[in-house]
Amino acid sequence: MAGSLRRASWNRHLLHAAAAQAPAGMTIEVFDALAAVPLFDEDLELAQPDGPPGVRALRTAVAAADGLLIATPEYNHALPGVLKNALDWLSRESPQGEVLTERPVAVLGASGGPWGTRLAQASLRQVLHTCGALVMPSPTLFVAHAAQRFDAQGQLADPALQASLSRFMQAFAAWIGRVAVPA
Ligand code: FNR
């Protein structure tokens, strides 16, 4: 999933570009309904133990996946609130269990500026570690100057980044194979 609600999000473009580089045997399903996840509220959780519909959809998608790939924007040197909110819901006990615990996760991100979401990814990793996710330590991928990497249709227009994404996705497949806990 991409941690942005913006229609022309660089991070959504990046996620689709990463999916296109998935190695043989790996299929990426893009979760594109973060806008339907309400603000986390323990009262809401108590009233609906299965979670509101938007949360159930997110949880079901994560629980069904062998791994979770997150493309994060950077807001004020941290992960955006919509993404943190989704992770807060996913961190909770549910009929599907705590779906981030022991789940293999990889993070990447794109920003318009020169740092490529370094601080957002650091804060995202911190949250994921707290949730017990198994976050791929390397390779890292910080996409700076995002406007120069994609064309007007949001298609990747940077062969070097395409090669990096291919290596990143191969590493993620290997990471899942290495750390996945048998069901
Ligand atoms: C930003 N942006 C930004 N960029 C960055 O490199 N470091 C930062 O700390 C911030 N902070 C920040 C705060 C807020 C509230 C906004 C709205 C934006 C710019 C940000 O990287 C840019 O808007 C990206 O395009 C957001 O990602 P998507 O939506 O394109 O995926």
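Atoms within each ligand, like the ligands themselves, are counted from 1 in listed order.
Atom 23 (O) of ligand 1 lies below 4.0 Å from none of the non-hydrogen atoms of the protein.
Closest to atom 17 (C) of ligand 1, if we only count protein heavy atoms, is Y75 CE1, 3.8 Å. Closest to atom 31 (O) of ligand 1 among all protein heavy atoms lies S9 OG, 2.6 Å. Protein heavy atom closest to atom 26 (C) of ligand 1, with residue, atom name and distance, is P73 CB, 3.8 Å. Atom 7 (N) of ligand 1 has its closest protein heavy atom at E74 OE2, 2.8 Å. The protein heavy-atom contact nearest to atom 9 (O) of ligand 1 is H77 N, 2.9 Å.
Under a 3.5 Å cut-off, the side chain of R59 and the backbone N or O of S94 do not form any donor-acceptor pair.
Within a 6.0 Å radius of CD in E29, other residues, nucleotides and ligands contribute 12 heavy atoms or fewer. More than 12 non-hydrogen atoms from other residues, nucleotides or ligands lie less than 6.0 angstrom from CD of Q48.
Atoms of ligand 1 found under 4.0 Å from any heavy atom of S4 (numbered from 1 in listed order, with element): 28 (P), 29 (O), 31 (O). For ligand 1, the atoms closer than 4.0 angstrom to any heavy atom of N76 are 8 (C), 9 (O), 10 (C), 11 (N), 12 (C), 13 (C), 15 (C). Those atoms of ligand 1 that come under 4.0 Å of a heavy atom in N11, given as number and element, are 27 (O), 28 (P), 31 (O). Close contacts of ligand 1 with W10, meaning ligand atoms under 4.0 Å from a residue heavy atom, involve 25 (O), 28 (P), 30 (O), 31 (O). For ligand 1, the atoms lying closer than 4.0 Å to a non-hydrogen atom of R6 are 25 (O), 28 (P), 29 (O), 30 (O).
Looking at Q96 and T60, their side chains do bring a donor and an acceptor atom within 3.5 Å of each other.
Nearest heavy-atom pair, F172 versus M26, reported as atom, atom and distance to 0.1 Å: CD2-CE, 3.8 Å. Here the closest heavy-atom approach between residue T117 and residue S111 is recorded as N-OG, 3.7 Å.
Between E98 and R92 no salt bridge is recorded (no basic side-chain N to carboxylate O distance below 4.0 Å). A salt bridge does not link D66 with R103: every distance from a Lys NZ or Arg NE/NH1/NH2 to an Asp or Glu carboxylate oxygen is 4.0 Å or more.
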